[in-house]
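The block underneath contains the structure these notes are about, expressed in structure tokens.
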Amino acid sequence: MDKCGLFLSCRNRSPVDLNVGRMEQVFSCVRVCVYSVVLCVLVSTARAVTTDSAGLVTPLTQYDSIPGLRPDNDEEVKLAYPDYDRLSTDRPDVAHVLGIIESPLNPLPNDTRHIMNKIGDDNISFTSVDLEQLDPDDVTSVKKALKSLRTIKPAALIGPYSWPYAVASEHARVPYFLTSMMPASQNVSSFHIQLFPNSTVFAQATEDMTRFYNFHSVAVFYDSPTGTSILERLAQKSWLLVTGVHVTNTTLPTLREQLKTLRGKFFTVFTAVLNPDHMRYLLDQVLSLSMFSPPNKWLLVNEGLQEYSLEKYVDSHANMTVLRLMMDYNSNFCSLESDYINLRRAVFHDAVRLYERMYSNRTRTNGTEKFNMRQTVRNLELDGCTGHLIFSRNGQRTESFLQMMTLDGYKSGLTSYDKHTGTWRSEPKDIKHRVEPSKSFSAVFQMSENVFGDDPLRISFIVETPFIGNRSNKSLDNGHPLYEGLLIDILLEMVNILGFKYTIKHVGDNKYGSYKNATGWTGMIRELIDNKADIALAPWQMTTERAEVVDFTKPFMTKGTTVVVKRPEQRVGKYQFLLPLSTIVWSAIFVAFVGTSLMLFAVSRVNSDRQAKYTHNLRESFWYIWGTLLRGSLSGSPHAISSRIISSAWWFFCLILSSIYTANLAAFLTITIGDVGINSAADLASQTEYVYGTVEGSQTAKFFQYTSMRHYAAMWAHMSTLTPNSMSRTTQIGIERVKKGKYAFIWDSPYIRNVISNECDLMEIGSPFDLKGYGLAYRKNAPFGEKLSMAILKMQDDGLLYKMERKWFRPQVCPSHQQSAKTQSLDLETVAGMYLVICGGAVMSMLLCFLQYCYGHFRRKRKLRATKGKNQEPLTTQELGSEFKRSNFASPLSESRDVNQDEITYANHSPLHYRTSADWT
């Protein structure tokens with residue numbers, strides 16, 4: 001039998017492996033020996049057919065050339081195997097045939113096609129054919145398996161363990177990817193690539209968890225050889241009290257009583273290694289006995305591909321953990337989506353992915369074919385959906401990964417695996433590193449410290465200047481050949497620091513990504529969720545809603561939200577000379593003028609100042625204060641000390657006021673920029689001149705929608721309800737509306753400042769609010785996320801981020817009207833107000849003069865009539881003139897006392913002093 005390559009012997013089978021009685025073991029060994037003799041004859045015949053003239057074995061699949069090519073006798077194969085299907089491909093000549101062994105443990109046919117299409121590309125494509133499940137007790141089953149392999153010539157077999165196909169694949173030199181546990185009685189072979197760990201792995205993991213949580217007693221429910229192996233391993237530990245319950249269809253009715261017995265013996269830790277039907281029955285009994293409540297703890301070991309349905313027990317809040325094969329959709333080479341992955345699809349996916357890697361890494365040596373296969377298997381290594389895949393020369397996984405999942409994970413669904421899962425790995429020597437109860441596979445494992453893998457990272461981006469834009473000068477050698485911007489510089493620096501490869505493409509729908517009730521997430525976030533991209537290169541606002549489906553790096557830039565409007569037109573008013581002082585200051589000056597005049601009149605009258613015009617004439621006091629304010633030339637000043645103190649204080653006030661006014665007048669006469677009437681974003685809520693809005697569906701819009709601040713909530717009501725057309729679809733549309741006028745656009749401050757740096761007709765209003773950080777988005781729990789964050793921190797420490805920001809975000813550079821005004825002469829429009837003051841004074845003087853003349857003429861006529869009534873004698877011209885002077889220009893006190901020298905002086909300076917009576921005739 002050794003010459004036939006069959007190493008099956010009775011001594012390799014143990015009672016635990018067969019799980020049968022002693023007599024059945026003997027019969028089984030005899031049956032195997034009979035099968036071996038028959039198979040030896042069949043294999044010898046097959047080899048004789050496939051041996052060339054040189055005596056060398058010709059592989060049935062031509063694996064070392066191009067494995068799995070569609071055979072020439074396509075029609076013959078289709079007649080024998082109706083399920084022999086051709087996938088749609090542009091290169092059907094290299095479609096690799098995968099033989100799928102029929103089993104209820106395989107994914108559905110549509111799922112297998114979907115997975116093969118997802119893994120296939122321009123270099124490799126797949127087609128599949130279903131192979132009949134053969135009865136291992138049938139003597140001719142191996143012959144049938146060999147005939148099937150010779151007929152369809154598959155490149156590889158995929159499916160659960162089948163003894164006939166295991167024997168046939170080894171002798172036909174066809175790799176067999178086992179998606180279920182292989183019995184210990186089956187000899188290992190490099191052609192048998194075991195994706196599923198054996199019972200020893202589950203036994204070690206159960207022991208590690210018992211030791212990690214410091215359990216001292218445990219009850220084991222089992223119905224399979226794996227459960228027996230777990231029980232035997234735990235029973236060998238002196239520090240652990242172990243009892244076992246063998247569950248069969250005949251012992252199920254007594255299971256309830258056994259649970260009561262264990263509860264009476266104060267067992268609180270239970271391990272169950274059962275098939276789904278037995279597990280469901282056990283848990284129903286446990287629920288009815290209220291044994292899910294504390295302090296009871298349950299460990300469910302799933303050794304197969306049939307998942308436990310535990311949704312029924314979620315509300316019991318049991319302390320329950322499921323130990324099963326690793327399933328992580330965030331692995332580097334896992335192409336399954338979070339809402340699509342399950343155990344069967346994950347194992348099948350990894351089998352197809354391993355074959356694809358095997359084909360691309362196949363070896364060509366001068367040794368034997370078996371040696372080539374061993375080398376090929378040893379070179380297989382990748383991070384798949386079931387963990388890190390690396391194999392020994394005999395096709396066994398050198399390190400196994402199991403997933404610890406809590407009961408809450410079944411309630412939350414696959415998207416919450418990261419919060420409710422842990423990882424067990426077999427390789428580390430320290431138990432603290434083997435058991436990671438709160439970390440997923442992606443978080444605890446890094447493939448040879450290379451978190452990026454061999455394939456380039458897929459980067460999706462959106463054009464958002466100056467973060468990312470099309471390159472303007474493509475003649476330069478440095479930088480990216482097609483794009484430029486702040487994020488491109490950051491990306492290139494990351495490549496320089498971390499050394500990864502990448503491909504970059506524009507997002508299809510040109511959106512960042514927002515959640516829609518009808519379709520779900522859109523934009524780049526959708527691509528990250530669907531595993532169509534690894535990194536989304538854009539200035540991302542890190543929000544809790546987005547953080548539930550993607551991860552973010554450390555912030556590379558701090559941003560706020562600000563408002564941009566069109567700069568109002570510059571204008572120069574006719575009364576620019578009034579602007580150096582505010583209305584309040586002008587009013588205060590007038591009050592000071594009136595108050596000082598009254599005070600001067602009061603102190604002069606009390607002190608009997610020799611200047612009688614200040615003492616007895618209030619009008620002269622006002623005229624004196626007014627003249628000194630305007631720096632007019634006045635004769636005569638107060639003589640009393642108190643009057644002079646008042647005058648000196650007023651002169652000092654006029655000096656300071658005149659200096660301040662003169663100093664500011666030059667600036668206000670040169671230029672004045674119009675005021676928009678808005679000093680901050682909050683002012684928009686209380687005005688009606690400007691329509692304002694932001695990008696619909698953006699994070700800025702959501703800030704206004706869910707804010708609790710009153711003025712921002714009022715702005716959201718105005719934008720969404722009162723003026724729904726105020727929202728813009730993109731930032732470019734928003735800026736275009738601002739340029740048209742009377743529209744205020746609310747958006748991120750870095751983008752606004754970059755726009756206004758080149759647009760002098762735009763201006764930013766107020767200071768930024770809602771300060772947050774910009775980060776890069778990447779796939780949830782991707783292993784390279786921490787590396788990206790560390791690279792950003794390094795760039796920040798080295799000052800590179802500051803230099804990049806200064807390079808792409810320049811301050812607004814516009815012509816300075818103040819500087820240009822220094823070399824310009826003032827035009828008539830600037831000083832027109834002064835001429836209007838002169839004209840206004842002249843008109844007012846003429847009007848008062850006319851009124852005064854009319855009033856004087858009226859008084860003279862009235863007095864003339866009164867005199868005629870008394871004397872009936874007409875007055876001479878000289879008498880009329882004297883009477884007019886006495887009534888209009890004489891001092892009120894001149895009739896009661898003599899005229900002194902000061903009055904003479906005053907009279908000499910009077911404009912009417914030189915008039916004679918002839919002037920009035």
Side-chain angles (χ1 to χ4, degrees), residues 330-333 381-383 442-443 445-507 512 524 527-528 531-542 550-559 748 750-751 754 773-810:
N330 288 311
S331 299
N332 288 342
F333 293 94
E381 183 177 4
L382 59 88
D383 286 344
S442 302
F445 188 79
Q446 295 180 355
M447 182 176 172
S448 302
E449 299 300 328
N450 179 18
V451 296
F452 301 102
D454 298 330
D455 293 340
L457 293 182
R458 300 159 299 171
I459 299 178
S460 178
F461 76 95
I462 187 173
V463 174
E464 187 77 65
T465 56
F467 295 99
I468 301 179
N470 295 322
R471 187 165 182 173
S472 56
N473 189 356
K474 298 184 179 180
S475 61
L476 299 178
D477 296 333
N478 58 339
H480 194 275
L482 299 178
Y483 308 106
E484 64 180 2
L486 174 63
L487 289 179
I488 295 296
D489 289 352
I490 293 177
L491 174 63
L492 295 178
E493 187 63 27
M494 282 184 173
V495 172
N496 185 36
I497 296 174
L498 302 176
F500 60 86
K501 297 178 291 183
Y502 69 93
T503 59
I504 188 169
K505 67 179 183 66
H506 191 271
V507 63
Y512 281 86
M524 288 183 285
E527 292 189 349
L528 293 178
N531 198 17
K532 296 180 180 179
D534 298 311
I535 300 176
L537 197 65
W540 288 98
Q541 297 184 37
M542 294 174 282
V550 298
D551 284 338
F552 295 97
T553 64
K554 299 293 183 183
F556 63 86
M557 186 179 186
T558 301
K559 72 94 188 176
D748 297 346
Y751 177 80
N754 175 73
Y774 275 150
L776 302 180
Y778 59 91
R779 285 189 294 109
K780 191 72 174 177
N781 293 323
F784 50 80
E786 192 65 24
K787 293 286 186 180
L788 299 179
S789 295
M790 295 302 295
I792 289 178
L793 294 178
K794 186 179 186 310
M795 286 188 283
Q796 186 175 9
D797 294 339
D798 296 342
L800 295 178
L801 288 180
Y802 176 77
K803 294 180 180 178
M804 295 176 185
E805 186 176 341
R806 293 284 296 175
K807 173 184 176 182
W808 295 102
F809 291 92
R810 298 180 298 271

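Every value quoted in this text rests on a predicted model; they were computed, and no experiment measured them.
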So which atom in [X] and which in [Y] form the shortest heavy-atom distance, rounded to 0.1 Å?
X	Y	value
Ala536	Leu528	CB-CD1, 3.9 Å
Tyr512	Trp540	O-CH2, 2.9 Å
Pro555	Gly773	CB-CA, 4.1 Å
Ala777	Val550	CB-CG2, 4.5 Å
Gln541	Phe552	O-CZ, 4.2 Å
Ile792	Leu801	O-CD1, 3.8 Å

With rounding to the nearest 0.5 angstrom, report the [atom1] to [atom2] distance, [X] to [Y].
X	Y	atom1	atom2	answer
Asp534	Glu527	CG	CD	11.0 Å
Arg458	Thr503	CZ	OG1	8.0 Å
Tyr774	Met542	OH	CE	10.5 Å
Arg779	Phe784	CZ	CZ	5.0 Å
Thr553	Glu786	OG1	CD	10.5 Å
Phe556	Ser789	CZ	OG	12.0 Å

Neighbour count above 12 (heavy atom, 6.0 Å) for Lys803 NZ
no

With sequence neighbours left out, what residues match Phe461 under ring pair (Phe, Tyr, Trp, His ring centres under 6.0 Å)?
Tyr483, His506

Show me the side-chain donor-acceptor pairs of residues 488-501 shorter than 3.5 Å, one per line, residues at least two apart or across chains.
from, atom 1, to, atom 2, distance (Å)
Asp489, OD2, Lys807, NZ, 3.3
Asp489, OD2, Trp808, NE1, 2.8
Lys501, NZ, Asp454, O, 3.2

Should Pro750 and Met557 count as side-chain neighbours, where that means a heavy-atom distance under 4.5 Å?
yes

Output every pair passing salt bridge (charged side-chain N to carboxylate O under 4.0 Å, His left out) with a member in residues 789-802, not counting sequence neighbours, ordered by first then second residue.
Lys794-Asp798

Partner of Phe467 under side chain to side chain contact (heavy atoms under 4.5 Å, CB included), picked from Ile462, Leu486, Leu537, Asn754, is Leu486

Verify side chain to side chain contact (heavy atoms under 4.5 Å, CB included) between Met795 and Met804, making sure each step is shown before the conclusion.
CA-CA 10 Å; Met795 286 188 283; Met804 295 176 185; 4.3 Å; yes

